[in-house]
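The structure appears right after this line, and notes come after that.
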Amino acid sequence: EAGVAQSPRYKIIEKRQSVAFWCNPISGHATLYWYQQILGQGPKLLIQFQNNGVVDDSQLPKDRFSAERLKGVDSTLKIQPAKLEDSAVYLCASSPPRTVQETQYFGPGTRLLVL
Amino acid sequence: SQQGEEDPQALSIQEGENATMNCSYKTSINNLQWYRQNSGRGLVHLILIRSNEREKHSGRLRVTLDTSKKSSSLLITASRAADTASYFCATDLGWDSGAGSYQLTFGKGTKLSVIP
């Protein structure tokens, strides 16, 4: 089966600019996650969707970050305006229904550098 | 906040040797998983151990879980250069009926280098 797809793979922007990331989860996976991974750290959950509804966005900096998942499939994560500390890898993951397994499947990530 | 803390932060070994990484966590958990991340890539699930299990094997991987000490270890036997990667433990607190999913909390990872 096809894995989680993300684009772009790399992005370099200047501070105060805007940027958007795209994710296409594995077919049939209702749950979609966006993580932020700063260099040398583990992934930190930003937002979690169940179908097209948000179930947890407690760690999303809502003054600058936004995310949506239209039609319960693809998702976009946006940063506007970007700050230097937003430089990180943004990982998208999806998981199958509970009755299958509890693991998450990750995309290759988008590496963001804010100058 | 990060639930798991891996130890050591970095580990360098010769090919063929065994590699052991440890993970400690703070609160009671439901499952503990180990993931691998190759440089510049996404995370790949390796193995899951449930809170009522003490040891699990998968190929060259052996995971132990000590819930009384809130710790887990990952052993990679007969390491290969291809095992060079960062390894993360991730814990979940059980099925969240409100979220309709499990939620993982990751540690900071152990960076393993296997020298050919």
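Labels below follow one simple rule: chain letters A, B, ... track the order of the sequence lines, proteins then strands, and each chain is numbered from 1.
In this structure, B:V44 is not a member of the same hydrophobic cluster as A:V89, with clusters built from ILVMFWY side-chain heavy atoms closer than 4.5 Å. A continuous path of hydrophobic side-chain contacts links B:L61 to B:I13 [ILVMFWY only; heavy atoms under 4.5 Å].
Taking CD1 of B:I47 as the start and OG1 of A:T103 as the end, the distance is 12.0 Å to the nearest 0.5 Å. The OH atom of A:Y35 sits 4.5 Å away from atom CZ of B:F106, with the distance rounded to the nearest 0.5 Å. Atom CD of B:Q103 sits about 5.0 Å away from atom CD of A:Q48, to the nearest 0.5 Å.
Atom CG of A:L115 sits in a crowded spot, with more than 12 heavy atoms from other residues, nucleotides or ligands closer than 6.0 Å. Other residues, nucleotides and ligands place more than 12 heavy atoms under 6.0 Å from the NZ atom of B:K56. No more than 12 heavy atoms of other residues, nucleotides or ligands lie within 6.0 Å of CD in B:Q9, so this atom counts as exposed by the packing criterion. At most 12 heavy atoms of other shown residues, nucleotides or ligands fall within 6.0 angstrom of atom CD in A:E14. A 6.0 Å sphere centred on CZ of B:R54 holds more than 12 heavy atoms belonging to other residues, nucleotides or ligands.
Neither the backbone nor the side chain of A:Q6 comes within less than 4.5 Å of any heavy atom in chain B. Heavy atoms closer than 4.5 Å to chain A are found nowhere in B:E6, neither backbone nor side chain. The part of B:L48 that comes within reach of chain A is its side chain, from C-beta onward, which places non-hydrogen atoms under 4.5 angstrom from that chain.
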Between A:Q37 and B:Q37, does the side-chain contact (heavy atoms from CB on, under 4.5 Å) criterion hold? Intermediate values first, please. CA-CA 12 Å; A:Q37 186 179 20; B:Q37 184 176 37; 2.9 Å; yes

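Between B:Y35 and A:Q104, some side-chain heavy-atom pair lies under the 4.5 Å cut-off.
Taking every heavy atom of both residues into account, A:G42 and B:F88 meet most closely at CA-CE2, 3.5 Å.
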